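Beneath this line is the structure, given in structure tokens, with notes to follow.
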Amino acid sequence: MRSGFEGTFKAAAMGCSRTFSSEEAEAVALLNATQWAVTNNIQQLVIERDNQATIKYLQGRESTVQWQCIAILDEVKLLAKNLVSFLGFQCVDRRANKVADLLAKK
């Protein structure tokens, strides 16, 4: 599987945080990625993740995202408005994103 976006790989990261669910951990990861992109003035950016609920919420679509994640994801939306030529958030099956798959297995 491939996403519709192929470009230059810029970074990968992993870290620890205290969260109540895997979905909240996903929201924190999205916040960290968006903060990094804003700080580094990344342009023509697509942020790909494999959690459908969080991506749907960020895309403004109906979602079953957990209430604990809403404030985090709203911050992601606000930060994304500062990105130049931001192309959006896309849901990609983890098997299509080898870097994300390797980091998730760690």
Side-chain angles (χ1 to χ4, degrees):
M1 289 185 185
R2 283 208 168 299
S3 69
F5 303 97
E6 295 185 27
T8 305
F9 176 79
K10 295 290 184 184
M14 60 187 278
C16 295
S17 62
R18 293 188 187 267
T19 58
F20 293 101
S21 67
S22 60
E23 189 172 276
E24 188 178 7
E26 182 79 11
V28 170
L30 282 159
L31 178 60
N32 291 336
T34 307
Q35 288 170 331
W36 177 86
V38 169
T39 299
N40 291 283
N41 195 31
I42 302 299
Q43 298 180 20
Q44 301 289 335
L45 175 67
V46 174
I47 295 178
E48 296 180 343
R49 301 297 301 176
D50 64 357
N51 184 287
Q52 283 189 349
T54 55
I55 294 300
K56 282 182 179 180
Y57 184 85
L58 291 170
Q59 292 172 335
R61 297 168 49 205
E62 189 172 326
S63 174
T64 58
V65 69
Q66 298 170 353
W67 67 267
Q68 299 94 329
C69 302
I70 291 174
I72 299 167
L73 294 173
D74 284 345
E75 180 69 17
V76 171
K77 284 182 181 182
L78 285 173
L79 285 170
K81 290 180 181 180
N82 296 316
L83 293 168
V84 176
S85 302
F86 183 56
L87 302 174
F89 298 96
Q90 295 294 319
C91 189
V92 178
D93 188 290
R94 187 182 294 167
R95 293 170 294 175
N97 187 337
K98 291 181 182 181
V99 173
D101 188 43
L102 288 171
L103 289 173
K105 290 176 180 174
K106 291 282 184 184

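Note that the structure is predicted; figures quoted are calculated from it, not measured. Counting from 1, the numbers follow the sequence of the chain as shown.
Counting all heavy atoms, side chain and backbone alike, Leu45 lies closest to Phe86 at O-CD1, 3.3 Å. What you find for Ala53 and Thr64 is that their closest heavy atoms are CB-OG1, 4.3 Å. Leu79 approaches Leu31 most closely through the heavy-atom pair CD1-CD1, 3.6 Å.
Annotation: the span from Glu48 atom CD to Ile55 atom CD1 amounts to 9.0 Å, rounded to 0.5 Å. Separating the CG atom in Leu58 from the CG atom in Leu73 is a distance of 5.0 Å, to the nearest 0.5 Å.
Taking hydrophobic clusters as Ile, Leu, Val, Met, Phe, Trp and Tyr residues chained together by side-chain heavy-atom distances below 4.5 Å, Ile47 shares a cluster with Ile42. With hydrophobic clusters built from ILVMFWY side chains whose heavy atoms lie under 4.5 angstrom apart, Phe89 shares a cluster with Leu83. No path of Ile, Leu, Val, Met, Phe, Trp and Tyr side chains, each step under 4.5 Å between heavy atoms, connects Val84 with Trp36, placing them in separate hydrophobic clusters.
Between the side chains of Gln68 and Ser21, no donor-acceptor pair of N or O atoms lies under 3.5 Å.
With a 4.5 Å cut-off on side-chain heavy atoms, Lys77 and Tyr57 count as touching. Counting heavy atoms from C-beta on, the side chains of Asp50 and Glu26 come closer than 4.5 Å. For the pair Leu30 and Ile72, the minimum side-chain heavy-atom distance is 4.5 Å or more. Here the side chains of Asp74 and Leu78 are not in contact, with every heavy-atom distance at 4.5 Å or above. The closest side-chain heavy-atom distance from Gln44 to Leu87 is below 4.5 Å.
Although no hydrogens or angles enter the test, the distance criterion places no donor-acceptor pair under 3.5 Å between the side chain of Glu23 and the main chain of Thr54.
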